[in-house]
Amino acid sequence: MDYKSAVEKTEKYGQSHILKYYDELSEKQKQALVEQIDETDFSIIAMCNHKEEIAKKGKITPLNAMQLKDIEKRKEEFHTIGMNAIKTGKVGAVLLAGGMGTRLGSDNPKGMYNIGINKDVYIFQRIMENLLDIVNLSGTYIHLFVMTSDKNNDITIQFFKEKNYFGYDKNYISFFKQEMAPATDYNGKIYMEEKYRMSTSPNGNGGWFSSMIRSGVIDIVNENNIEWLNVFSVDNVLQRIADPLFIGATIATKSKVGSKVVKKASKDEKVGVMCLEDGKPSIVEYYELTDEMMDAVDENGEPAYNYGVILNYLLNVEELENIAKKSMPLHIVEKKIPYLDENGILIKPEEPNGYKFETLILDMIHLMDSCVPFEVVRNKEFAPIKNKEGVDSVETARALLKENGIEL
Ligand code: UTP
């Protein structure tokens with residue numbers, strides 16, 4: 001793209017301010033900015049004008065979970081099937097580590113956060129230790145794909161290297177980058193983070209499979225005949241990965257997806273809940289649950305929307321390839337976005353000041369035909385670190401780690 005086309009494109013979308021400093025930039029910076037304008041999809045920004053419409057859901061009905069008592073009855077069967085899938089190399093793992101962790105407020109990737117008290121215990125370390133448990137149990141290394149973003153890729157790779165991959169075989173770890181999307185103020189004007197660079201942020205956790213394809217790591221999946229990918233978030237320090245029972249239950253029930261869920265602590269707990277939407281698996285967010293849904297009961301008198309997702313899914317690769325070309329809805333999220341003010345000074349806001357545009361993994365589940373919500377014991381498998389203090393914080397996660405005998 002040349003300068004003239006960049007002017008036309010920014011004018012067309014009401015974003016001319018992006019070129020405000022163009023004349024004072026170096027040749028290299030000019031080129032970088034024009035390139036970024038060329039690569040950026042501005043059409044998505046118009047969506048912040050009809051946010052409510054985008055968020056509309058179909059008809060929500062309950063989806064029964066496979067509960068602990070059901071799992072207990074079929075434990076041996078599931079274990080055998082799951083172990084067999086692991087030992088024959090059919091299972092890979094995908095760590096979603098492209099997020100910015102703005103609520104935690106650390107400049108480094110969330111996985112580098114040290115939650116130790118008397119010794120170093122990094123979030124990435126906890127994840128690798130949990131994965132190693134299964135490697136040791138099965139005698140098989142599991143391919144791990146780590147999704148990063150432009151903002152944290154190099155430092156993440158460097159950290160793994162420095163820590164000697166936390167004892168994992170590095171030949172089984174591949175890093176890939178997700179895409180970025182522009183961030184805007186509340187009027188849909190793109191923020192600038194440098195005079196030659198628009199503010200961008202990772203485009204959400206929904207694009208991980210398309211990023212695996214684009215980056216080429218999908219070849220590793222195909223060459224190794226990996227049939228299932230266990231996708232999980234970076235911030236749950238009790239995350240069980242490639243859990244044989246979970247894998248076995250998903251395969252045995254002929255489901256395209258398995259989703260680990262926990263029983264909600266209260267009917268209005270702030271977690272997304274597994275459900276059916278227009279007859280297909282879906283997740284209804286806590287703020288979308290009406291009073292009527294919160295009070296609804298199933299045939300056993302139990303709450304009908306009672307199982308919250310913990311961002312740990314097992315997805316069938318063939319099915320992922322089938323849905324890869326389908327478009328996913330964009331979500332508009334309010335976040336804190338660093339920006340240049342009118343005097344060209346970089347401001348790091350303390351409060352949300354605009355929109356980011358994200359696709360979410362939960363919309364991917366909705367594209368699948370069948371899903372088994374698989375209950376796990378909350379205190380053993382769910383210790384998310386989202387915030388600095390209070391709910392889902394370092395403090396609550398530390399207490400749960402101690403409860404599970406993990407030294408800090
Ligand atoms: P969150 O929704 O908690 O977002 O991510 P976040 O960016 O980590 O944190 P906040 O909201 O800014 O505080 C859930 C999981 O999805 C990953 C995160 O790394 C985390 O594992 N994620 C999120 C991505 O990989 N990419 C994204 O663009 C967003």
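All ligand and atom numbering here is 1-based and tracks the order in the structure.
Contacts with ligand 1 closer than 4.0 Å are made by backbone heavy atoms (N, CA, C, O) of Ala97 only, the side chain lying farther away. When heavy-atom distances to ligand 1 are checked against a 4.0 Å cut-off, Leu311 comes that close only through its side chain, counted from C-beta outward.
Ranking protein heavy atoms by distance to atom 16 (O) of ligand 1, first place goes to Asn205 ND2, 3.2 Å. Looking only at heavy atoms of the protein, atom 6 (P) of ligand 1 is closest to Gly101 N, 3.6 Å. Among protein heavy atoms, the minimum distance from atom 12 (O) of ligand 1 is reached at Thr102 OG1, 2.5 Å. For atom 2 (O) of ligand 1, the nearest non-hydrogen atom of the protein is Arg103 NH2, 4.0 Å. Closest to atom 25 (O) of ligand 1 among all protein heavy atoms lies Gly98 N, 2.9 Å.
Less than 4.0 angstrom separates some heavy atom of Gly204 from each of these atoms of ligand 1: 26 (N), 27 (C), 28 (O), 29 (C). Of all atoms in ligand 1, numbered sequentially from 1 with element shown, those under 4.0 Å from a heavy atom of Val234 are 19 (O), 21 (O). Near Met147, meaning under 4.0 Å from one of its heavy atoms, ligand 1 places the atoms 25 (O).
With a 6.0 Å radius and a threshold of 12 heavy atoms from other residues, nucleotides or ligands, Lys20 has its NZ atom above the threshold.
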Assess whether side-chain hydrogen bond (donor to acceptor under 3.5 Å, both in side chains) is satisfied between Asp392 and Asn387, documenting all intermediate values. CA-CA 6 Å; Asp392 296 343; Asn387 306 302; 5.4 Å; no
Decide side-chain hydrogen bond (donor to acceptor under 3.5 Å, both in side chains) for Ser5 and Asp2; before the verdict, give the C-alpha distance in whole Å, the side-chain angles of both, and the deciding distance to 0.1 Å. CA-CA 5 Å; Ser5 314; Asp2 57 16; 2.5 Å; yes
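Evaluated for a side chain to side chain contact (heavy atoms under 4.5 Å, CB included) with Met274, the options Pro62, Ser282, Ser259 yield exactly one hit, Ser259. No option in Asp243, Asn236, Asn230 other than Asp243 meets the side chain to side chain donor-acceptor pair (under 3.5 Å) test with Lys260.
For the atom pair OG (Ser149) and CG (Asn203), the distance works out to 9.5 Å, reported to the nearest 0.5 Å. In this structure, Leu25 CG and Arg197 CZ are separated by 13.0 Å, a value rounded to the nearest 0.5 Å.
Distances from atom 11 (O) of ligand 1 to the heavy atoms of Lys335, Lys388, Lys110 put Lys335 nearest. Within the set Met100, Gln178, Lys386, the minimum heavy-atom distance to atom 26 (N) of ligand 1 is found for Gln178.
Checked against a 3.5 angstrom limit, the closest N/O atoms of Leu104 and ligand 1 fall outside it. Geometrically, ligand 1 and Glu358 share no nitrogen or oxygen pair separated by less than 3.5 Å. Checked against a 3.5 angstrom limit, the closest N/O atoms of Leu96 and ligand 1 fall inside it. Of the polar atoms of Gly99, at least one N or O is found under 3.5 Å from an N or O of ligand 1, judged by distance alone.
Salt-bridge annotation for Glu395 and Arg398: absent, with no side-chain N of the basic residue lying under 4.0 Å from a carboxylate O of the acidic one.
Annotation: Tyr186 is in aromatic contact with Tyr355 [ring centroid separation under 6.0 Å].
Shortest non-hydrogen contact noted between Ile123 and Lys110 is CD1-O, 3.4 Å.
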